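If you're wondering where the values come from, they're calculated on a predicted model, not measured in any experiment. Residue numbering restarts at 1 for every chain, and letters A, B, ... go by the order of the sequence lines. Values below: all heavy atoms of this structure, side chains included; hydrogens, waters and symmetry mates excluded.
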There are 2 protein chains.
Amino acid sequence: MVLAQSTAELYDQYKAKMQQIADVRNAIAVLGWDQETYLPEKSANFRGQQITTLSSIAHEMFTEEPLGHLLQELHSRGDLDPVSAKNISLSLEDYEKNKKYPASFVAEMSQTTNECYHAWIKARKSGTYADFEPVLAKMVALKRQETALLGFEGHCYNALLNEYEKGATTTMLDAVFTDVKTALTPLLRQIEQKPQVNKDFLHLHYDRDRQWEFGINLLKAMGYDMKAGRQDISEHPFTTSFNPQDVRVTTRIDENDFGNMTWSCIHEGGHALYEQGLDISAYGLPAGEAASLGIHESQSRLWENNVGRSLSFWESHYVPLQQAFPENLQSVPLQDFYKAINQVRPSLIRTEADELTYHFHVMIRYEIEKGLLDGTYSTKDLKEIWNRYYNEYLHVTVPNDVEGVLQDIHWSHGSFGYFPTYSLGSFYAAQFFAAAEQQIPGLETDIIKGSYTNLLTWLREKIHHFGRFYTSNELCEKVTGKPLDFKYFLDYSTKKYGNIYTL
Amino acid sequence: MVLAQSTAELYDQYKAKMQQIADVRNAIAVLGWDQETYLPEKSANFRGQQITTLSSIAHEMFTEEPLGHLLQELHSRGDLDPVSAKNISLSLEDYEKNKKYPASFVAEMSQTTNECYHAWIKARKSGTYADFEPVLAKMVALKRQETALLGFEGHCYNALLNEYEKGATTTMLDAVFTDVKTALTPLLRQIEQKPQVNKDFLHLHYDRDRQWEFGINLLKAMGYDMKAGRQDISEHPFTTSFNPQDVRVTTRIDENDFGNMTWSCIHEGGHALYEQGLDISAYGLPAGEAASLGIHESQSRLWENNVGRSLSFWESHYVPLQQAFPENLQSVPLQDFYKAINQVRPSLIRTEADELTYHFHVMIRYEIEKGLLDGTYSTKDLKEIWNRYYNEYLHVTVPNDVEGVLQDIHWSHGSFGYFPTYSLGSFYAAQFFAAAEQQIPGLETDIIKGSYTNLLTWLREKIHHFGRFYTSNELCEKVTGKPLDFKYFLDYSTKKYGNIYTL
């Protein structure tokens, strides 16, 4: 029956099915958003169950045999236009990957993830890594099984890296993190020799409502479309999208830490601009999806760091900020503010790290994950390994497990291979921004004036618009003329901190 | 295979399936809640599509053959306990009803509903019923087809009435509305002869935030569990439930009409207390669902009118209200406030009507629906019929279609048979409340003191707890000792308005 139909008819069937699957997945995202923002306290269990049910439905819809036949048939036809052909080949790839998981494995993973998350919560309460270790060991064993199911070339970790960043390998990441170690370590040591900048005034009392308003204005200034999104409060800031015309961000407000809200707004705003910029006519199709986690992170980091932590950015935003909080900032010159928001200081917690030491946190996790998967490391020794790495790379002593090996939620969720995308995001961001500086005449003047239209248009045309059409590295070459090169991040950092710390 | 399994095993399968279906339906409810409260402006179309997809999935899940076999098998087994047996027989009834709709009919209805809704919106903009009429005629024709599909005894309208209020018939409703006409008309005429009470002070400026806080306090006082629900703002107030531990209400605030927020809070609060009182262990099963729309409305009306518009209620709430709005109410005595909130005055708009004239609005719609379905009336004449009825029963002249025949959304949604449940709700409420007054010692004193625990406990035990186990009338007999009797509403009204208007 399939064979008798025209390619156009079959492609329409494919589109309709993918859009239905997207509807279910986006409904799950709405339930998730509500869970983090407005869910009544007592409803957590039922919500968990509702999400599980919809997730099974989405999974079933995307693993049904007729969809597989349809994809294979379309894949074999020669008369698809390039974008449609790419959609089909990516969907087929996703489909075949999903089919690699036997139902028994999916059930065991779901069960273990649940156990592991609760063990992590418990361990954080007791402050004891030992409470987490046995279940984490089970999780690691399952993740190893997963690498075998998925298949890989080279290191088994590649199978998992590929889940978050298609094409990423240990070979590539070893090189990147060697650069981090060899190039950023001396820079960090240099900074440590210099007098530290003052940021005490960022920890005075900043009124909640005025912070909220300032954050909303930042989002609007960036070009975030408030008619196609909204901001709410949640414990951990995040971005979620239900379609390009409903992309929501959240923030948190700490009245004693102005940075918390500000960087979350700009960071999540960067993610959201990407999602709002995806092709709405490709809803549910690969062409309407983000390229990868690394590219997603490049968008948030570009706005947060390359734009948002630049002196140019604050040329236009600092006066409104002073007006909003005259009691704290009236007597603080712009230069001092700029230095304060760029303070570099090795610390314990990844999510609170500055943009330089951040990558040491990521590197440590990368090394640990790689070692756990290939058997070099055992979960039994993880606390010691963790503490040793922090001492070695960041010169900090880990005082307890909660601020150490238990700090991230990722492993308890079974997310191995995710961390590296954070660093890749920053490095792509630096390279993209360097290209933007070359390609957009007057970009710095724009930024000084608080006008980001040209930058956003450029990002939309060069990056957002393509969805998943290109892999991260293909996209990077297309935008910047070469594959990912750490040099851009190094140049950016050397120049920026050289100036701030008079190195 | 089914036959070889034990009844307990089969019943567990049934429960699991029903809970999954409930998860999908509740996810739809979350999407609907979000649509009315927080949806970004541009996202309406995508949200509509997402809801449609999930609705089809829920429909498919509930019409699958294996579920039918399972229900039939369980229905034939003799070893179920009474509650389980009732769940099965109700689910089987629902299942068989759903199976009566051919896919082509469902598709045509969905299509026509969409058209009809947009025609209604358009007609309200142009102010012309004629813009709505052709599509409404199509809808009426479809609803007639639906009565044939569903089957009925007596009047064809019974098939539709049964959808909202199992067991309701035109015979029963003709009798009820005859009572309305014969008994309430003279009461209304008597009131019209008397000097009107003053309610101008309810239309002074009432600050939004103080109204919000007062409303939240009312909800809490009623016993609404804020940890198992929340209140938000929407254009039209509503209650929605995703499970008994997540029952949400919305309200609207008009700064120039204090009543708007107050009555919506108490009314929706009444609906919400019912939902929060349903048996959580019967999630997804008939035993965990509300009895009917009429019984649901009885709960909102009981709180709104029998409790919330009583003098006793305001004995405890009026002082806090005066303290919240001293500028408007300091010099208004409680008696005057009580009269103002109970003003009776025939008017054009159902949703703004007082609790006496309200039933004439409903009766008009009932007569029209009955006539449209049996062919006595044609949509072509509907405007004239509407205006004539309003003139006859309410002595008001309809100035335009928007405030006349176009005022309700129901017909555009294909909801024929829904309106009567509004009146039934009030009449059940009066009868239930009379029983509560008899059965709960010191109820009036409780209410004067602002304590509703005994009342809520009584409602939970006598009504909420039973879910759909009894039909409305069975429940009414169980709670009050007799079937629905209009006399209770008449007694209540005669006493109340006799006092207010010194009749």
May I have a table of the donor-acceptor pairs connecting chain A and chain B at distances under 3.5 Å?
from: D23(A); atom 1: OD1; to: Q49(B); atom 2: NE2; distance (Å): 3.4
from: D23(A); atom 1: OD2; to: T53(B); atom 2: OG1; distance (Å): 2.5
from: D34(A); atom 1: OD1; to: R248(B); atom 2: NH1; distance (Å): 2.8
from: D34(A); atom 1: OD2; to: R248(B); atom 2: NH2; distance (Å): 2.7
from: Y38(A); atom 1: O; to: R230(B); atom 2: NH1; distance (Å): 3.4
from: E41(A); atom 1: N; to: K227(B); atom 2: O; distance (Å): 3.4
from: K42(A); atom 1: N; to: K227(B); atom 2: O; distance (Å): 2.9
from: K42(A); atom 1: NZ; to: D225(B); atom 2: OD2; distance (Å): 2.4
from: S43(A); atom 1: OG; to: N243(B); atom 2: ND2; distance (Å): 3.2
from: S43(A); atom 1: OG; to: D246(B); atom 2: OD2; distance (Å): 3.4
from: Q49(A); atom 1: NE2; to: D23(B); atom 2: OD1; distance (Å): 3.4
from: Q50(A); atom 1: NE2; to: F242(B); atom 2: O; distance (Å): 3.0
from: Q50(A); atom 1: NE2; to: Y283(B); atom 2: OH; distance (Å): 3.3
from: T53(A); atom 1: OG1; to: D23(B); atom 2: OD2; distance (Å): 2.5
from: D225(A); atom 1: OD2; to: K42(B); atom 2: NZ; distance (Å): 2.4
from: K227(A); atom 1: O; to: E41(B); atom 2: N; distance (Å): 3.4
from: K227(A); atom 1: O; to: K42(B); atom 2: N; distance (Å): 2.9
from: R230(A); atom 1: NH1; to: Y38(B); atom 2: O; distance (Å): 3.4
from: F242(A); atom 1: O; to: Q50(B); atom 2: NE2; distance (Å): 2.9
from: N243(A); atom 1: ND2; to: S43(B); atom 2: OG; distance (Å): 3.2
from: D246(A); atom 1: OD2; to: S43(B); atom 2: OG; distance (Å): 3.4
from: R248(A); atom 1: NH1; to: D34(B); atom 2: OD1; distance (Å): 2.9
from: R248(A); atom 1: NH2; to: D34(B); atom 2: OD2; distance (Å): 2.7
from: Y283(A); atom 1: OH; to: Q50(B); atom 2: NE2; distance (Å): 3.3

Which atoms of I51(B) come close to chain A, meaning under 4.5 Å heavy atom to heavy atom: side chain ones, backbone ones, both, or neither? neither
Region of I28(A) in contact with chain B, defined by heavy-atom distances below 4.5 Å: neither
